[in-house]
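Letters A, B, ... mirror the listed sequences (proteins, then strands); counts begin at 1.
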There are 2 protein chains.
Amino acid sequence: MNLKQLSELLGLSQTTVSRALNGYPEVNEATRERVLRAVKETGYRPNKAAQRLATGKAGSIGLVMPTAPGHQSDVHFGEFLTGLGEEAVRHDFHFVIMPADPDDEVAALRRLAISGNVDALFVAYMRGHDPRLAMLKSLSMPFVVHGRSFGTEPDYPYLDIDNEAAFNDATRLLLQLGHTRFALMNGPAHLDFAIRRRNGVVAALSERGLELAEDCTTHSVMSDEEGLIAMERFLQLPERPTAILCSSTVLALGAIRAVNQAGLKLGEDISLIAHDDVLPLLKPENFSVPLTTTRSSLRAAGVRIAQRLIGTVKQAGPFPEHELWKTELIVRASTGPAPQD
Amino acid sequence: MNLKQLSELLGLSQTTVSRALNGYPEVNEATRERVLRAVKETGYRPNKAAQRLATGKAGSIGLVMPTAPGHQSDVHFGEFLTGLGEEAVRHDFHFVIMPADPDDEVAALRRLAISGNVDALFVAYMRGHDPRLAMLKSLSMPFVVHGRSFGTEPDYPYLDIDNEAAFNDATRLLLQLGHTRFALMNGPAHLDFAIRRRNGVVAALSERGLELAEDCTTHSVMSDEEGLIAMERFLQLPERPTAILCSSTVLALGAIRAVNQAGLKLGEDISLIAHDDVLPLLKPENFSVPLTTTRSSLRAAGVRIAQRLIGTVKQAGPFPEHELWKTELIVRASTGPAPQD
DNA sequence: TTGGTGTGTCAAAGCGCTTTGAAATTTCCT
DNA sequence: AGGAAATTTCAAAGCGCTTTGACACACCAA
């Protein structure tokens with residue numbers, strides 16, 4: 001069933017039917033009713049491709065999903081997507097997801113944008129000096145970035161959490177508890193959040209004249225295996241750290257396994273603070289020793305970004321260009337006073 | 001940059017340029033080269049919406065993502081999507097994801113199909129007597145179902161794992177170990193896999209004249225919280241079960257927490273077998289007591305379904321209509337002989 | 001009666017692509 | 001050299017929708 005058939009069925013022109021459907025004022029209420037009834041009966045739905053071609057809009061948000069044969073699926077991605085979806089469903093928006101090799105992201109994003117089947121773009125996994133920004137700005141298509149790009153002028157719309165403050169606060173807490181030997185288990189070194197979190201830690205430490213040692217910093221994919229490996233390395237250090245900052249509860253999962261295997265007690269021998277994205281599967285309060293965390297819901301960020309994206313497409317703005325969310329520091333049992341040795 | 005502009009630039013007609021691009025034989029090699037070079041220089045990309053309108057195809061797979069404000073994100077969904085993506089990226093296919101309230105899935109699927117921006121559909125979270133099947137069959141659009149629909153004639157293309165055999169085997173193993181009091185921690189009762197798994201357990205038990213008690217069966221969303229609650233209930237039973245079958249490692253996560261909190265030993269006081277979808281975050285071998293599991297990779301299923309879907313769209317078939325994968329039963333430390341009491 | 005003002009409806013153009021059927025050009029054979 | 005066959009290119013139609021500009025028609029004031 002297409003517009004032409006529907007209009008013939010009704011004995012009206014395509015124009016009138018289209019206007020009736022799209023809520024234009026210049027159509028008789030009785031006619032509109034009649035059209036709407038026919039739509040319900042026939043189950044007619046406008047062809048989105050045609051609609052898009054005609055209007056340039058079709059109610060869709062585009063995003064790139066990093067993927068590759070060896071590439072591990074990322075719970076953070078799914079959680080964020082759920083947030084986007086929660087908002088999108090309210091506006092009858094859908095997503096166009098372009099899977100792409102992580103090394104090919106800028107090209108993939110470009111293809112997605114000029115493919116002409118999205119109205120707006122969402123971009124994540126930001127890097128320092130991210131090359132996608134220049135491309136995005138040249139595109140004249142609305143976009144919102146999750147995160148920021150360290151080293152780039154922040155003249156683009158973003159939503160980010162205050163990573164630096166989060167890890168600064170966490171470090172301060174551990175300092176107050178008397179810790180002096182710190183380690184940071186971070187995400188991939190080129191990612192923006194990793195850079196900022198590290199800076200937060202370093203700044204807090206340097207206030208007390210302390211430094212973050214090279215061998216007390218790891219950068220890796222955020223999987224539990226990597227957490228385990230990193231922690232095992234820390235524990236073998238001659239002066240082993242007593243305070244661990246951890247960029248994700250996923251890493252913490254592995255890290256804690258290592259702590260247990262070494263026969264150490266979390267919250268006593270080792271204090272640990274992890275960043276909590278509020279993943280349903282990894283509730284910090286459900287760890288055998290509940291985790292002290294910096295918290296910010298990834299899903300909530302997804303909802304908000306969808307709001308801004310959809311709002312911009314629908315011209316329902318204005319929206320703030322920049323949002324920087326504070327994280328909460330929630331103290332549980334994984335942190336305690338520095339052990340006396 | 002569009003076709004018209006590009007062809008003017010080259011001094012060729014749109015037809016010739018289009019043919020050159022799409023690999024038609026009736027265009028001079030030299031001309032093709034020239035076109036290709038111009039494409040590279042200008043960065044021209046055909047507008048997908050127009051392409052779809054003209055051809056009816058645009059290289060996309062549609063799927064519905066269940067979502068709602070309270071609805072918990074599902075790691076299984078993300079893992080499967082990763083599999084789909086891994087294959088899709090090889091063929092330059094993308095996804096159109098329509099978020100929808102779980103109660104609205106059939107309507108959402110229908111909208112997605114007739115919206116005219118997907119070439120094929122993927123359907124999951126199958127239920128017994130699933131109402132989507134009739135609709136899909138009436139649609140004349142390729143689709144593949146992940147799972148099956150209990151109680152419906154299997155005259156639709158699917159890929160499924162042999163849930164019944166998996167749980168039958170698992171139950172048999174526990175029977176051999178001398179267990180007589182069984183419990184099943186299952187997924188939502190209306191879902192196909194839950195029905196079949198239950199059947200597998202019941203069949204194995206009845207061979208020994210045993211029954212699966214009503215109060216030893218739970219159906220719930222597969223979250224760790226629900227696992228915890230279910231296990232706590234089991235443990236309070238007057239004749240508490242010693243053998244637990246568990247539909248997911250996610251449920252097992254909570255279940256084991258309950259076992260620990262009760263001061264019981266997994267693999268001694270309680271034996272547990274879980275189904276393992278090979279989620280990167282929940283490796284059975286990384287549990288404090290490594291888990292005996294029935295295993296089948298969700299991601300691999302995603303890859304395979306994407307192959308079939310894309311292959312069908314590209315007419316690169318034929319593909320088997322039905323695939324039923326066997327699961328592996330992998331024995332680790334969470335199962336042991338029934339305790340003598 | 002004439003002219004102006006809304007209303008409600010329509011035919012036709014256009015979005016950017018593919019594809020059909022025909023025309024122009026080259027190549028091959030006798 | 002001359003005509004048939006093969007090769008290369010083209011103009012135009014069509015995919016399903018929105019939107020522009022025009023056209024009837026009724027209504028009221030002058």
Residue met sooner reading DNA chain D from 5', once B:Thr15 and A:Arg45 are mapped to nucleotides: B:Thr15
Can you establish whether the number of heavy atoms outside B:Lys57 located under 6.0 Å from its atom NZ is more than 12? yes
Using a heavy-atom cut-off of 4.0 Å to chain B, what are the terminal contacting nucleotides of DNA chain D, in 5' to 3' order? D:dT8 to D:dG16
Heavy-atom nearest nucleotide on DNA chain C for A:Ala50 versus A:Glu26: which residue maps closer to 5'? A:Glu26
Could you tell me whether A:Arg19 contacts a base, only the sugar-phosphate backbone, or nothing, with contacts defined as non-hydrogen atoms closer than 4.0 Å? base
At how many degrees, to 10°, do the end axes of the helix from C:dT1-D:dA30 to C:dT30-D:dA1 meet when each uses five pairs? 60°
Rounded to the nearest 0.5 angstrom, the CD1-NE2 distance for B:Ile161 and B:His146 is 6.5 Å
Could you go through A:Tyr125 and A:Phe80, starting from their C-alpha distance and side-chain angles, then the distance that decides it, and tell me whether this counts as ring pair (Phe, Tyr, Trp, His ring centres under 6.0 Å)? CA-CA 12 Å; A:Tyr125 300 105; A:Phe80 189 87; 9.1 Å; no
Please classify the nucleic acid contact of A:Ser18 as base, sugar-phosphate, or nothing, using heavy-atom distances under 4.0 Å. base
Hey, mind stepping through A:Arg110 and A:Asp104 against salt bridge (charged side-chain N to carboxylate O under 4.0 Å, His left out) and telling me if it holds? CA-CA 10 Å; A:Arg110 182 156 189 287; A:Asp104 186 38; over 6 Å; no
Should the pair A:Arg148 and A:Tyr158 be classed as cation-pi, given the thresholds of under 6.0 Å to the six-membered ring centre and 45° from the axis? yes
Check the surroundings of atom NZ in A:Lys4: do more than 12 heavy atoms from other residues, nucleotides or ligands lie under 6.0 Å from it? no
Do other residues, nucleotides or ligands put more than 12 heavy atoms under 6.0 Å from B:Gln315 CD? no
Residue pair B:Ala54/B:Pro25 against DNA chain D: nearer the 5' end by closest nucleotide is B:Pro25
Using the salt bridge (charged side-chain N to carboxylate O under 4.0 Å, His left out) rule, take A:Glu87 and A:Arg304 through it: C-alpha gap first, then chi angles, then the decisive distance, then the call. CA-CA 8 Å; A:Glu87 180 69 15; A:Arg304 176 59 182 163; over 6 Å; no
